[in-house]
Amino acid sequence: MIQGVVFDLDNTLYDYEVSHEAAMEALSEYACTKFLITKEIFNDFFEKAKLDIKKQLGNVGASHNRMLYMQLFLEQIGEKPVIYALELYDIYWNTFLKNMKVFPYVYRLFDELRNRNISIFMLTDLTACIQHRKLKEIKLDEYINIIVSSEEAGAEKPAKIAFERLLSKVKYDPDELLMIGDSLVKDIDGAQNCGLNALHFRKEYQNDMDKRSLDFIDEINKLV
Ligand SMILES: [Mg+2]
């Protein structure tokens, strides 16, 4: 019997690109005006800063920390990082949060899972604080029983350690859980390698993923 559903967050519950593009646009506009640089220079240096952080840190939650990108970007363009980094960080995330578009299936599925007494868990790459802010922003905070971020696990999906961290916090066996996520490698392979059931979310399922998920759960429960 499926007792809990484990959701990925980014690009599974909402459209990441819509938010990210709006946030980058606001950030670029601000930085170009403030530091008298062109959009091309902004893009070059920001991309360089991001790649540098990712190379330095590898597949851990902090590799997504925008605070580190802002700081390094400022250092690279010759500005004092501590004066501006927090401001840039806030411009990025405040714009991002304001532009979050939740997929239509999400509230219907969460309500139905709650009606059926199926627990809702989150297993998400990225730092804990911003993932909490996103979930509050889209008003899903009340539904979620347990959350594990890659910052907490120490590694990103599909690493076993991420799934094992979640399993250590929930009281169910892997085969009583269903992972739903948009990444075949991180979410689907990662979950199946640890014995969880898994269902792939694609953007074209955004209107009927609730039905697909409930049908999948019913199928598994029939076999038990
Ligand atoms: Mg995702």
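One-based numbering, in listed order, for ligands and for the atoms of each. Each residue takes its place number in the sequence, starting with 1. Given the structure is predicted, the values throughout are model-derived calculations rather than measurements.
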Notebook entry, point to check: Got a sec: is Asp125 within less than 2.8 Å of the Mg ion (ligand 1) via an N/O/S atom?
Noted result: no
Note to self: Under 3.5 Å, is there a donor on one side chain and an acceptor on the other for Lys134 and Gln131?
What the structure shows: yes
Note to self: With carbon and hydrogen excluded and only N/O/S kept, which atom of Asp182 is nearest the Mg ion (ligand 1)?
What the structure shows: OD1
Check: Do Asn207 and Arg108 meet the criterion of a side-chain donor-acceptor pair at a distance under 3.5 Å?
Finding: no
Note to self: Could you report the tightest heavy-atom contact between Ser150 and Val60, atom names first, then the distance?
What the structure shows: OG-C, 4.4 Å
Next item on the list: Check the angle between the aromatic planes of His20 and Tyr16 and answer parallel, tilted or perpendicular using the 30° and 60° thresholds.
Entry: parallel
Next item on the list: Could you pull out the atom name of the N/O/S atom in Asp8 that is nearest the Mg ion (ligand 1)?
Entry: OD2
Item checked: For the Mg ion (ligand 1): the N/O/S atom of Asp10 at shortest distance -> O
